[in-house]
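Along the sequence shown, the residues carry numbers beginning at 1. As the structure is a computational prediction, the values presented were derived from the model and not from experiment.
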Amino acid sequence: MRIAFEYFIYTYGPTLALTILAAIFGTLGYTAKRLYTRYINTKEKESVAYTVAAFVEQVWKDIHGPEKMAKALETASALLKKKNIDFDAAEMRVLIEAAVAEFNDAFHQPITDEASAGATRRVDNFEDRQESGLLDE
């Protein structure tokens, strides 16, 4: 019996070990690929949401509220379908709202940099406006 077991181990052992290792590494590779794809798709969705929010704000200035969100979702849907990325409308709505909130936060923050704070100085004095050429006579 012992000789038969040793024969089996020496004959089929390396093949079985390699098969088990291949299965383990194959599973690890597949899992890593899925995680990487999910990460890349999430980053791509965030990028599309940011781009779509900027695009809709620039192009459709005369519509507001739900109509503007519908345009943003329609545009995001087209871009993501072109890239073969699955998405959920609710997920895209959240990402677009987050991008718009980020735009609004950046827009409403005061200028705190000393170098650029004076760049938007108002000219209140009439003589200063004449000297600067802002008034045509």
### Summary
In this structure, OH of Tyr50 is separated from CZ of Phe55 (nearest 0.5 Å) by 16.0 Å
#### Entry: Test item: Lys45 side-chain N/O and Asp86 main-chain N/O as donor-acceptor pair under 3.5 Å
yes
### Query
Any idea which heavy atoms bring Val52 and Ala72 closest together, and the distance?
CG1-O, 3.2 Å
### Message
Any heavy-atom pair between the side chains of Met92 and Leu80 that's under 4.5 Å?
### Response
yes
### Query
If every non-hydrogen atom of Ala49 is compared with every non-hydrogen atom of Ala99, which pair is closest and at what distance?
O-CB, 3.9 Å
### Query
How far does CD1 of Ile9 sit from CG of Leu16, to the nearest 0.5 angstrom?
7.5 Å
### Query
Between CD of Glu91 and CD of Glu46, what distance do you get to the nearest 0.5 Å?
9.0 Å
### Straight-line distance of Leu79 CG to Glu74 CD, nearest 0.5 Å
11.0 Å
### Query
Of all heavy-atom pairs between Thr11 and Thr15, which one has the smallest distance, and what is that distance?
O-OG1, 4.4 Å
### Nearest-0.5 Å distance that lies between atom CG in Leu35 and atom CD1 in Ile40
12.0 Å
### Message
As an exercise, state the distance from CG of Asp62 to NZ of Lys68, rounded to the nearest 0.5 Å.
### Response
8.0 Å
### Query
For the hydrophobic clusters of this structure (ILVMFWY residues joined by side-chain heavy atoms under 4.5 Å, transitively), does one cluster hold both Ile20 and Phe25?
yes
### Query
Same cluster for Ile96 and Val94 if Ile/Leu/Val/Met/Phe/Trp/Tyr side chains link at under 4.5 Å?
no
### Message
Are the side chains of Leu73 and Phe87 in contact, using a 4.5 Å heavy-atom criterion?
### Response
no
### Query
Quick check: are there more than 12 heavy atoms from other residues, nucleotides or ligands sitting under 6.0 Å from CG of Leu28?
yes
### Query
Would you find a donor on one side and an acceptor on the other, under 3.5 Å apart, between the side chain of Thr51 and the backbone of Ser47?
yes
### Query
Is any side-chain heavy atom of Tyr12 closer than 4.5 Å to a side-chain heavy atom of Thr19?
no
